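Labels below follow one simple rule: chain letters A, B, ... track the order of the sequence lines, proteins then strands, and each chain is numbered from 1. All values below come from the heavy atoms of this structure, side chains included, with hydrogens, waters and symmetry mates left out. If you're wondering where the values come from, they're calculated on a predicted model, not measured in any experiment.
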2 protein chains.
Amino acid sequence: MSTETPTAGRPRAFDENTVLDRAAEVFWRRGYEGASLSALTGAMGINRPSLYATFGSKEELFKRAFARYHDRQVATARAALDRPTAYAAIEAFLRSSADGLTADDHPPGCFSIQGGLASAPENARVSEALATGRAATEGVLRERLTRAAAEGDLPDDVDPRALARFVMVLSEGNAVHAAAGARRADLHAAVDIALRALPTRPGPATA
Amino acid sequence: MSTETPTAGRPRAFDENTVLDRAAEVFWRRGYEGASLSALTGAMGINRPSLYATFGSKEELFKRAFARYHDRQVATARAALDRPTAYAAIEAFLRSSADGLTADDHPPGCFSIQGGLASAPENARVSEALATGRAATEGVLRERLTRAAAEGDLPDDVDPRALARFVMVLSEGNAVHAAAGARRADLHAAVDIALRALPTRPGPATA
DNA sequence: ACTCCACTCTACTGCTCGGTACAAAAAATG
DNA sequence: CATTTTTTGTACCGAGCAGTAGAGTGGAGT
C-alpha cells in the first residue's frame with residue numbers, strides 16, 4: 001500500500017508529494033479529461049505501473065493531487081482571514097486570492113475551477129469533488145464572517161452567508177479572468193471596486 | 001456545402017439550427033472534451049456522416065453551436081444595457097445574467113465557461129474561442145460604460161474598463177456557483193451586495 | 001415515370017484512451 | 001551471498017475516441 005512504510009524491497013525512486021504536485025499542475029492546466037495518462041506520467045517522471053501501484057487510478061490520483069492543493073488553499077484562506085476586523089479579513093482574502101491566481105510558480109487561475117467545471121457523466125464525481133472543495137473554502141469564509149457578526153463587527157442586517165458568497169463569487173470570477181490570462185493588476189482593480197460594496201468599513205468594528 | 005441551398009437531391013431531414021442548439025446543450029453540460037460524438041449525435045438526432053457533411057468536424061460544430069449561444073448572449077446583454085443610466089444598465093445586466101444562469105430551458109451556468117476553461121493543448125483553440133466570446137461580452141459592457149462616462153453619468157475618477165471588468169467578474173463568479181447548483185436567489189443576493197459597490201447610484205446621472 | 005443527386009445509414013478505420021501482465025532490477029534481511 | 005520484497009520498465013489489453021467509406025434511400029427536376 002502507498003500509505004504504509006515497507007521495511008524491505010526496492011525503495012521508491014520518487015517522492016510521493018513531489019509527483020502529486022506535478023500531477024496537479026497537469027490537471028490544472030488541462031482539466032481532468034484533457035489530462036491524459038501519458039501527459040501525467042511524462043510530467044511526473046514516472047511510468048504507468050508506478051502511478052497505478054501508488055495511487056490506484058486516474059481519479060484517485062486526481063483526488064490526492066487536488067486534496068494537497070485544497071489544503072494549502074484553505075490554509076492560505078485561514079491565514080488571510082486571521083485579521084481583527086471583517087473588512088480587513090475580506091480584503092486580505094481577496095488580495096491573497098488575486099495574487100494566488102496570478103502567481104508564476106503554478107498555472108494561472110484556480111485548480112478548483114479549471115480542473116473540470118463540466119464533464120462527461122462518468123467523470124461527474126470529479127466535478128463534484130471540486131465543487132465540494134470550493135464550498136469548503138466558502139465555509140471557512142462564512143465561519144469567519146459569522147463570528148464577525150456575533151462580535152458586532154458587521155451590521156445587524158447583514159447576512160454573513162450572503163456576504164461570504166459574494167466574496168467567493170468575486171474570487172471565482174477573478175479566477176475565470178485569470179485563466180484567460182488577465183493581469184494581476186486587473187484582478188486587484190476588481191477587488192478595489194468590490195471592497196466598496198462591503199457593509200462594513202476599514203477600521204475597528206462599525207455598526 | 002452546408003451554406004448553399006441545393007436545388008435537387010434528397011432534402012435534409014433535420015433543421016440546422018435545431019440540431020446546433022441540441023449540440024450546444026451537450027457541450028454546455030459536458031464540456032468540449034467530455035462531449036463524445038456519440039453523445040452529440042444522440043442528442044442531435046442525426047448520425048455521424050450527416051454531422052460531418054454539415055459541420056465538417058467536432059471543432060467546427062462546437063464553434064457554430066457556441067456562436068449561436070454567444071449571439072443570443074450579446075443580444076440579451078445589449079438589451080439589458082439599454083437603460084438610461086449606468087446604474088440601471090448594470091443592474092439589468094446582472095439581473096438578467098443571474099436569471100439566465102439559472103433558467104430551466106437549458107443547463108445551469110454559462111456555456112462560455114463550462115464549455116472548456118482548461119483543455120489539452122490540441123483543443124486550446126476551443127478554450128480560446130470561449131475566452132474571446134467572454135471578452136466580447138465584456139466589450140459590450142465597456143462600450144456602454146464608456147458612453148456613460150462621456151455623458152457624465154459616471155464620476156470622473158471611475159475607469160469604465162475596470163468597472164466593466166468588475167461586472168463581468170460578478171457574472172462569471174455567479175456562473176461558477178450556478179454550475180455547482182446554486183439557487184437563483186443566491187445569485188441575486190450576490191448582485192444585491194455588488195450593486196452597493198457601484199460608483200454611481202440609482203436615479204439620473206450622479207457625480 | 002425516370003433520372004439525378006444530396007442525404008442517411010451501417011459498418012468500418014486508425015488511434016489514443018485508461019489500465020495491466022510480466023519479467024528485469026534493486027535494496028533490505030537472513 | 002542467497003532470498004525476499006517491492007519497484008521499475010516494456011509491451012500489451014479491450015474499449016472508446018474522432019472521423020470516413022460506400023451502399024442504399026427518397027424527394028426534386030425534367
Scan nucleotides 24-26 of chain C against the protein and return all N/O pairs shorter than 3.5 Å with their distances rounded to 0.1 Å.
from: C/dA25; atom 1: N3; to: A/R10; atom 2: NH1; distance (Å): 3.2

Residue-level proximity of residues 28-49 of chain B to DNA chain C when a heavy atom falls under 4.0 Å: B/N47, B/P49
Just how far, in rounded Å, is [atom2] of [N] from [atom1] of [X]?
X: A/F14; N: D/dG9; atom1: CZ; atom2: P; answer: 10 Å
X: A/R12; N: D/dT5; atom1: CZ; atom2: C1'; answer: 13 Å
X: B/E60; N: D/dG19; atom1: CD; atom2: P; answer: 11 Å
X: A/E16; N: D/dT7; atom1: CD; atom2: C1'; answer: 13 Å
X: B/N123; N: C/dC17; atom1: CG; atom2: P; answer: 11 Å
X: A/E122; N: D/dA15; atom1: CD; atom2: C1'; answer: 12 Å
X: B/K58; N: D/dG19; atom1: NZ; atom2: P; answer: 8 Å

Restricting to side-chain contact (heavy atoms from CB on, under 4.5 Å), what partner residues turn up for A/R161, sequence neighbours left out? A/R142, A/D159
Please identify each residue that fulfils side-chain contact (heavy atoms from CB on, under 4.5 Å) with A/A39, with sequence neighbours left out. A/V26, A/R30, A/S36
Residues 71-82 of chain B side chain polar contacts: donor-acceptor under 3.5 Å, at least two apart:
from: B/R72; atom 1: NH2; to: B/D21; atom 2: OD1; distance (Å): 3.0
from: B/Q73; atom 1: NE2; to: B/Y69; atom 2: OH; distance (Å): 3.3
from: B/T76; atom 1: OG1; to: B/R72; atom 2: O; distance (Å): 2.8

Classify the ring geometry between A/Y32 and A/F27 as parallel (under 30°), tilted (30 to 60°) or perpendicular (over 60°). parallel
Given D/dG19, is OP1 or OP2 found less than 4.0 Å from the side-chain N or O atoms of B/Y52? yes
Does a side-chain N or O of B/S50 approach OP1 or OP2 of C/dT8 to a distance below 4.0 Å, or not? yes
Going by the rule salt bridge (Lys or Arg N to Asp or Glu O under 4.0 Å), which residues pair with [X] if we only count those two or more places apart in sequence or in a different chain?
X: A/R48; answer: none
X: A/R184; answer: A/D99
X: A/K58; answer: none

Stepwise side chain to side chain contact (heavy atoms under 4.5 Å, CB included) check, A/N174 with B/F166: CA-CA 9 Å; A/N174 263 345; B/F166 169 76; over 6 Å; no
Anything under 3.5 Å between a donor and an acceptor, one on a side chain of residues 105-121 of chain A, the other on a protein residue two or more places apart or in another chain? List them.
from: A/H106; atom 1: NE2; to: A/G100; atom 2: O; distance (Å): 3.3
from: A/Q114; atom 1: OE1; to: A/C110; atom 2: N; distance (Å): 2.8
from: A/Q114; atom 1: NE2; to: A/P108; atom 2: O; distance (Å): 2.8
from: A/S119; atom 1: OG; to: A/N123; atom 2: O; distance (Å): 3.4
from: A/S119; atom 1: OG; to: A/S127; atom 2: OG; distance (Å): 2.9

